[in-house]
Amino acid sequence: MGGLHRVGCILLLHRPPVLTHMILRVTTKPLSTTGPFVTQEVSKFCLETPIDEATTPPASWYTDARLYDLEMRTVFRRNWVAVGVANQVAKPGQFFTGVLGADPFVVVRDHTGQLRGFYNVCRHRANIVVREEGGRTEQFTCCYHGWTYRLDGRLTKALRLRGIKNFSAREHGLKPVAVTTWGPVVLIRLEGAGREDFEEKTSPLLQHLDSQGFSHGMRHICRRYYDTKCNWKLLVENAQDHNSHVEYVHKDLAQIVDLPSTRVEARELYSKMTGLGAQENDQSTQGQRYGR
């Protein structure tokens, strides 16, 4: 929990300026699989408390490995998480890889045009199958023993297994993960059925973003990694207190942003920060509106 954590960052190019977004849902069940300490610590924080009455979650949420394990199993495994951009997998054979929590994944556009997601783990000896961060291919071949998979995950070649009884190639394809798109963003979910009302709940945000050119303007440029010695929630919170620290930490940005106009809107599945550029007003049709 207190060690070094690797955080991936997807850089996007967009014209005209567009709102960026963050989707986050904290799921705290099932607590039946956790110990009494975790149950007690989670119960100290009430999600129904109005924001203007809320306090920071207990310190254990940021430092205790048991709470971190709960978050990995719930927040990150059982919810849609943004992992890429649609133009990375626009054509058949295009793919990109990544790691969500401790789970390696690969997202690919198969030869029929269907978007697919898989655990990036060979079914033979659990070796990483696809080692490149992205590219275009006709098939996936594990470098360890040569097991080869179609882009739909089907195992097509397993060397030296001829004659082995009770072995079926059909049953040893890559393990799938749920994948979908939200505007130009590619989402995956590693476990569970997810929320049926996800699209409904996030539709207002997507419509707002699309009014700024989100779906047609966002393009993947490159991937960068940042090693941060902190809990992941601190990164989220730092982005949400924009109005508090920009004046002191980002003095150049503070000169082009009208900080008093900044507003944070918290919804069930997302939060959105909006504000005006320094040269704007409420009647402006062009300018530097921003948001998260």
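Worth saying up front: this structure is predicted, and the values here are computed from it rather than measured. The analysis underlying the following values was restricted to heavy atoms, covering all of them including side chains, and did not include hydrogens, waters or symmetry mates.
A continuous path of Ile, Leu, Val, Met, Phe, Trp and Tyr side chains, each step under 4.5 Å between heavy atoms, connects L161 with L174, placing both in one hydrophobic cluster. With hydrophobic clusters built from ILVMFWY side chains whose heavy atoms lie under 4.5 angstrom apart, V38 shares a cluster with L47. By the rule that hydrophobic residues join a cluster once side-chain heavy atoms approach within less than 4.5 Å of another member, V99 and V107 end up as members of separate clusters. Side-chain heavy atoms closer than 4.5 Å link hydrophobic residues (I, L, V, M, F, W, Y) into clusters, and following such links, even through other members, never connects F95 to L115. Residues L155 and V130 fall within the same hydrophobic cluster, defined by Ile, Leu, Val, Met, Phe, Trp and Tyr side chains chained together at heavy-atom separations under 4.5 Å.
T137 pairs by the side-chain hydrogen bond (donor to acceptor under 3.5 Å, both in side chains) definition with nothing, not counting sequence neighbours. R150 is linked by a salt bridge (charged side-chain N to carboxylate O under 4.0 Å, His left out) to D152, counting only residues two or more places apart in sequence or in another chain. Not counting sequence neighbours, E132 has no partner by the salt bridge (charged side-chain N to carboxylate O under 4.0 Å, His left out) test. Partners of T148 by side-chain hydrogen bond (donor to acceptor under 3.5 Å, both in side chains), not counting sequence neighbours, listed by chain and number: T141. For R131, the side-chain hydrogen bond (donor to acceptor under 3.5 Å, both in side chains) partners at least two apart in sequence or on another chain are N127. Residues forming a side-chain hydrogen bond (donor to acceptor under 3.5 Å, both in side chains) with Q40 (at least two apart in sequence, or on another chain): none. Residues satisfying the salt bridge (charged side-chain N to carboxylate O under 4.0 Å, His left out) criterion with R116, sequence neighbours excluded, are D110. The salt bridge (charged side-chain N to carboxylate O under 4.0 Å, His left out) search around K201 returns E268, not counting sequence neighbours. In this structure, the side chain to side chain contact (heavy atoms under 4.5 Å, CB included) partners of F37, at least two apart in sequence or on a different chain, are E41, S60, D64, R66, L67.
Remark: side-chain polar atoms of R109 are paired, donor with acceptor, to backbone N or O of V89 under 3.5 angstrom. At distances below 3.5 Å, at least one donor-acceptor pair connects side-chain atoms of R136 with backbone N or O atoms of P92. No donor-acceptor distance shorter than 3.5 angstrom exists from the side chain of S271 to the backbone of R267, with no hydrogens or angles considered. Listed for the R154 side chain is no donor-acceptor partner under 3.5 Å among the backbone atoms of L151. Between the Q94 side chain and the K91 main chain, a donor and an acceptor come within less than 3.5 Å of each other. Between the R223 side chain and the H220 main chain, no donor and acceptor come within less than 3.5 Å of each other. A donor-acceptor distance shorter than 3.5 angstrom exists from the side chain of S261 to the backbone of L276, with no hydrogens or angles considered. Remark: side-chain polar atoms of Q255 are not paired, donor with acceptor, to backbone N or O of D252 under 3.5 angstrom. Remark: the backbone N or O of V75 is paired with a side-chain donor or acceptor of N79 at under 3.5 angstrom.
Atom CD of E247 is separated from atom CG of L253 by 11.5 Å, given to the nearest 0.5 angstrom. Residue Q240 holds its CD atom at 12.5 Å from NZ of K272, rounded to the nearest 0.5 Å. Between the CG atom of L234 and the NZ atom of K229 there is a distance of 15.0 Å, given to the nearest 0.5 Å. For the atom pair E48 CD and E53 CD, the distance stands at 12.5 Å (nearest 0.5 Å). Put simply, OG1 on T180 and CD1 on I188 are 12.0 Å apart, with the number rounded to the nearest 0.5 Å. Distance check, rounded to the nearest 0.5 Å: CG of L269 to CG of D197 gives 6.5 Å.
Residues V185 and V85 have side chains not in contact (no heavy-atom distance under 4.5 Å, counting atoms from C-beta outward). Looking at Y62 and E237, their side chains come closer than 4.5 Å, going by heavy atoms from C-beta outward. V108 is listed as a side-chain neighbour of F140, based on a closest heavy-atom distance under 4.5 Å. Counting heavy atoms from C-beta on, the side chains of H250 and H245 come closer than 4.5 Å. Contact of the F76 side chain with the D103 side chain is not registered, since no non-hydrogen atoms from C-beta on lie closer than 4.5 Å.
When every heavy atom of G84 is checked against every heavy atom of F96, the shortest pair comes out as CA-CZ, 3.8 Å. Across all their heavy atoms, T55 and F45 have their closest contact at O-CE1, 3.2 Å. The minimum heavy-atom distance linking P184 with M218 is given by the pair CG-CB, 3.8 Å. The minimum heavy-atom distance linking V129 with V121 is given by the pair CG2-C, 3.7 Å. Across every non-hydrogen atom of R123 and Y149, the tightest pair is N-OH, 3.0 Å. Listed here is the closest heavy atom pair of A254 and L259: CB-CD1, 4.4 Å.
In the hydrophobic clustering, I128 connects to no other residue, as no ILVMFWY side-chain heavy atoms lie under 4.5 Å from its own.
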Step by step, work out the side chain to side chain contact (heavy atoms under 4.5 Å, CB included) result for T274 and H208. CA-CA 11 Å; T274 58; H208 189 177; 4.1 Å; yes
Where do W80 and W182 land on the side chain to side chain contact (heavy atoms under 4.5 Å, CB included) test, with the steps shown first? CA-CA 10 Å; W80 290 114; W182 187 82; over 6 Å; no
Pair L187, V179 - check side chain to side chain contact (heavy atoms under 4.5 Å, CB included), show working. CA-CA 6 Å; L187 310 175; V179 62; over 6 Å; no
Decide yes or no on side chain to side chain contact (heavy atoms under 4.5 Å, CB included) for E265 and R263, but give the supporting numbers first. CA-CA 6 Å; E265 177 185 346; R263 298 290 183 272; over 6 Å; no
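Residue pairs meeting the ring-ring contact (aromatic ring centres under 6.0 Å, His included) criterion with at least one partner in residues 100-129, sequence neighbours excluded, are H124-H145, H124-W147. The stretch residues 169-178 participates, sequence neighbours left out, in no side-chain hydrogen bond (donor to acceptor under 3.5 Å, both in side chains) pair at all.
Using a 3.5 Å distance cut-off with no hydrogens or angles, the side chains of W61 and E71 do not pair a donor with an acceptor. Judged purely by distance below 3.5 Å, without hydrogens or angles, the side chains of E199 and S203 never pair a donor atom with an acceptor atom. Side-chain contact of D210 with S215: a donor-acceptor pair under 3.5 Å is present, judged by distance alone.
Surrounding CG of D52 are more than 12 heavy atoms belonging to other residues, nucleotides or ligands, all under 6.0 Å away.
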